[in-house]
Visitor: 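Before I ask anything, here is the structure I am working with.
Atom set for the values below is all heavy atoms of this structure, side chains included, hydrogens, waters and symmetry mates excluded. All of these numbers come straight from a predicted model, not from anything done at the bench.
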Amino acid sequence: MINSDFGADSAESGIDKFDKEPQCFYTLCLKTTCCKCIPFGKFKDRKHALYCWVFTAMMTCLFIAIIAPMVLYALADYEIMQEVVIDSTSAPQYAAWQNNVYGDGREHVQIKYNLYYFQVQNMAETLQGARPKLMQVGPYAYDEYYVKFDISWSDGGDTVTYNTQKYYLFNQDETGPGLSQEDQLTLPYATVIGFDYLLSTVDATDQMLIDAGIHSKVETQQVQLISMINMLYYTVLFDNNIPAAERAVIIKLIKRTNSTIDVIFDDLYDFVDRSNVGDLLLKTMLCNLGNLSPFWKTDPFHAWFGWLNDPLLLEVQALLDVVANKTGEVLPWTSAVPGASTNWSSIEETRRRRAPDVFKTGKKNANQVGQYVYYQNMSELWTCVSAMDSQNTSLYTEGEQFPACAYFQREWNDSTAEKMGYRKPFATPYANRIHGTDANAFGRPITSDKLGVFISDIYRSVYLEYVEDEEWNGVTTRRFGIQSKDMDNSTDNPANAQFYAFGPSGLENTTAATGVPVFVSLPHFLHGDDRLVAAVEGLNPNEAEHESNLDMEPQTGLLTQAHKRLQVNYQMVDKTFPTTKPDTIDLAHSVCNNISLIISLIDAQPNATQIPLPDCNLTMFNTLFTCFGAPVEWKMYNGEVFFPYGWADEHFKLPDSDADDIHDSLFMIDEVGEQVQFWSLVAAGILFVIILAMLFRGHLDMLARHQTVWHAFDPTTSYKGPGSAKEEGVVDELHNPIAQPREGAAYMTGKGSAPLLA
């Protein structure tokens, strides 16, 4: 056996201790003991303590780099949700959300509503087929205010129900130079243009009543003329002062005149019967107004927000009153014309005319902030086209208020909804769906390139698409705009057939929704078919002034600025009104001439009875008869023009101070989180480098410890052992030429064993 004075103790400390060091090092930092050789809470030496502390510091930095931003982001998210979610009256932003009439809302939510109109410069030529010449007039500036009322929450604050009064006040200071709200503008007359469609909503029985009303007016005129002839006849017949011969001549002339009157009115009744009741009624009413034109003059406020006591509809009402007096049949009718937008005059009036909306607050799901649940109690859109079908007359005064359909009920079937005056604006459930937000709030964070919105102005849901990033006082926002494919016609985008998009691209067909051939576009037909712009003079589309877009801060979902710019256009086509035969007019002239002759013959007789008769021309050629005989034809440029009426720019921008608040609060948390993460990773990297350096130094120390237990071995030196044969064999083995080491090779002793080749 090899004894200890050949380095047995050194082998123990040099080999076993060294072999356990890596295990002890790693175990030390993860456990409380090291192979049962390190007492709890103590290190082998200062070097091992340093190892562990540096490693712990590195892991701590990595932990901070991962956890700290998460904590800070969670804090920021909590703060954002406190600002965004309106789940009670105690929500921080409740006041500004509830109204912008006073308080925080008035300071931070200032909405502007500018109106522009296209005045017709060549009205007479336009009706003869010339290209319309238009001049844009505006802006007529209004301040838009809102008040939410009848507010209630449900589902733990995740759903809110409320109604909204929205009204507009004229702002003279921001209105264009020289313009006022009292201006008279020459514009398309919506009632005339939509008259055919208006009558199409009247059922056949009621149309017969209207036809009967026209018959009644003709009959009244006939009775007046026959009364005149009868008075002449009986005066001459019983006047003994008229000689028999002259009496016979006069009576013969009277009978011939009476026969002519019968022919005239037979022709008139036939004319009424074969004419389209709508065209005839419209022509009759326009004649009564003295304006056989689809244009009229009106002021800028009523032109956009609607008007009561429409002159044309009042004429129709007068006709229906005649029918009611004769037949006892009352046809519900209103002379009110709703506008492109609604100016809700009071909370009570708003409550009477529209049902509340239901929204998600986003309390349970941040992505659902502002999402519609129901729009006026509907998940699929219906529009009130014939309000008088269900208007509660006890809550409504004709001539003083706008009528409104009864609140829509989701349990109604289609037939019931139609009986109540509602119509579907488009052809399919998808087209009529109510999806997305009202564009006042959005779920967060905004990471998608599309935002779903329901735009009530065009009666449909659309997707806004991402356009570009914008800068708002150091805050990066995302800009969204209307998808071009939503404005394509059915040829360019077949899916738009369900929206009745069969005209030129760039138009939204709202005819079914409004009851008038109205088409909505971007101002000046921006992005529309070139033919739309070419059909009129005076348009100059450009994106800077006419594009609709909105900017969102993506982390908060906050709307920072928006421009909703939409233009109203009327489809105007060639129209020819019915006209009586020319010989009917000639016969009418002969009747009046005969009556004049009869009167002169009577007056020529001595002592003849004087007859106080009205002027025949005034009786025969009254407004109705003259109207029937007047040729009226409207010719449009190329047979059809989508006539620009006017457009609105509803815009909003948060104050610049709000950008500073966002940057100084929420963004600062983000920046702190980013800085903490960055410097924690830097520190962890530095510590990692230190650990590598320490390990490398440890490796060098390991090599040095090996050297302390190695010995130089001289192969020429004899072994001086006890001399046994076995030991001699060992010596001989060492001298074996095959096993003999190289000169100067080092041998390390093993405990109780032969020398080992290092």
Visitor: Does some side-chain heavy atom of E537 sit less than 4.5 Å from a side-chain heavy atom of P132?
Guide: no
Visitor: Can you say whether the rings of Y113 and Y168 are parallel (under 30°), tilted (30 to 60°) or perpendicular (over 60°)?
Guide: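 Taking Y168 first and then Y113, their aromatic rings sit tilted (interplane angle of 30° to 60°).
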Visitor: For a ring-ring contact (aromatic ring centres under 6.0 Å, His included) check, start with the C-alpha distance between F408 and Y422, then their side-chain angles and the critical distance, and finish with the verdict.
Guide: CA-CA 8 Å; F408 188 90; Y422 286 91; 5.3 Å; yes
Visitor: Under the criterion side-chain contact (heavy atoms from CB on, under 4.5 Å), I'd like the reasoning laid out for F118 against V568: C-alpha separation, chi angles, the key distance, then a yes or no.
Guide: CA-CA 10 Å; F118 297 102; V568 171; over 6 Å; no
Visitor: Taking the side chain as every heavy atom from C-beta outward, state whether L539 and P644 have any pair of such atoms under 4.5 Å apart.
Guide: yes
Visitor: Quick one: are the ring centres of F271 and F628 less than 6.0 Å apart?
Guide: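 Centroid distance F271-F628: below 6.0 Å, so yes.
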Visitor: Below 30° counts as parallel, above 60° as perpendicular, anything between as tilted: where do the rings of W647 and Y116 land?
Guide: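 Geometry flag for Y116 against W647: parallel rings.
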Visitor: Distance check, rounded to the nearest 0.5 Å: N122 atom CG versus Q128 atom CD?
Guide: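 Reported to 0.5 Å precision, the distance equals 10.0 Å.
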Visitor: Shortest non-hydrogen contact from L253 to L601?
Guide: CD2-CD1, 4.4 Å
Visitor: Can you pull the salt bridge (charged side-chain N to carboxylate O under 4.0 Å, His left out) pairs that have at least one residue in residues 634-648, sequence neighbours excluded?
Guide: D574-K635
Visitor: ring-ring contact (aromatic ring centres under 6.0 Å, His included) with Y189: which of F195, F643, W634, W296?
Guide: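 The ring-ring contact (aromatic ring centres under 6.0 Å, His included) with Y189 is passed solely by W296 among F195, F643, W634, W296.
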Visitor: Suppose we screen for salt bridge (Lys or Arg N to Asp or Glu O under 4.0 Å). Which residues come up paired with E219, at least two apart in sequence or across chains?
Guide: K326
Visitor: What pairs of donor and acceptor atoms, side-chain ones from residues 509-523 against any protein atom, are under 3.5 angstrom apart with sequence neighbours left out?
Guide:
| residue | atom | partner | partner atom | Å |
| --- | --- | --- | --- | --- |
| N509 | OD1 | T511 | N | 3.0 |
| N509 | OD1 | T511 | OG1 | 2.7 |
| N509 | ND2 | Y500 | O | 3.1 |
| T510 | OG1 | V518 | O | 2.8 |
| T514 | OG1 | T510 | O | 2.9 |
| T514 | OG1 | V516 | N | 3.3 |
| T514 | OG1 | V516 | O | 3.0 |
| S521 | OG | N569 | ND2 | 3.0 |

Visitor: How far does CG of L187 sit from OH of Y645, to the nearest 0.5 angstrom?
Guide: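 Separation between the atoms: 5.0 Å.
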Visitor: OH of Y234: more than 12 outside heavy atoms within 6.0 angstrom?
Guide: no
Visitor: CZ/R354 to SG/C405 distance, rounded to the nearest 0.5 angstrom?
Guide: 13.5 Å
Visitor: Mind checking the CZ-CD1 spacing from R256 to I229? Nearest 0.5 Å is all I need.
Guide: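 Nearest 0.5 Å value for the CZ-CD1 distance: 11.5 Å.
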Visitor: Pick one: which of E315, Q317, E398 meets side-chain hydrogen bond (donor to acceptor under 3.5 Å, both in side chains) with S335?
Guide: E398
Visitor: Using atom types as modelled and distance alone, determine if a side-chain donor or acceptor of K283 lies under 3.5 Å from a backbone N or O of C627.
Guide: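 Yes: the side chain of K283 pairs with the backbone of C627.
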Visitor: Which heavy atom of F402 sits nearest a heavy atom of G306, and at what distance?
Guide: CZ-C, 3.9 Å
Visitor: For atom CG of D530, decide whether the heavy atoms of other residues, nucleotides or ligands shown that lie under 6.0 angstrom number more than 12.
Guide: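 Counting neighbours around CG of D530, 12 or fewer heavy atoms of other residues, nucleotides or ligands fall under 6.0 Å, so no.
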Visitor: Is the shortest heavy-atom distance from the side chain of I598 to the side chain of I602 under 4.5 Å?
Guide: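 Yes, close enough: below the 4.5 Å cut-off.
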Visitor: Can you sort out the partners of Y167 under ring pair (Phe, Tyr, Trp, His ring centres under 6.0 Å), two or more places apart, ordered by chain and number?
Guide: Y145
Visitor: Let me confirm one number: the CG-CZ distance from L507 to F502, rounded to the nearest 0.5 Å.
Guide: 13.5 Å
Visitor: Partners of R247 by salt bridge (Lys or Arg N to Asp or Glu O under 4.0 Å), sequence neighbours excluded?
Guide: none
Visitor: Would you compute the distance between atom CD of Q222 and atom CD1 of I264 and round it to the nearest 0.5 angstrom?
Guide: 10.0 Å
Visitor: Can you list the residues that meet the salt bridge (Lys or Arg N to Asp or Glu O under 4.0 Å) rule with K575, with sequence neighbours excluded?
Guide: D196, D279
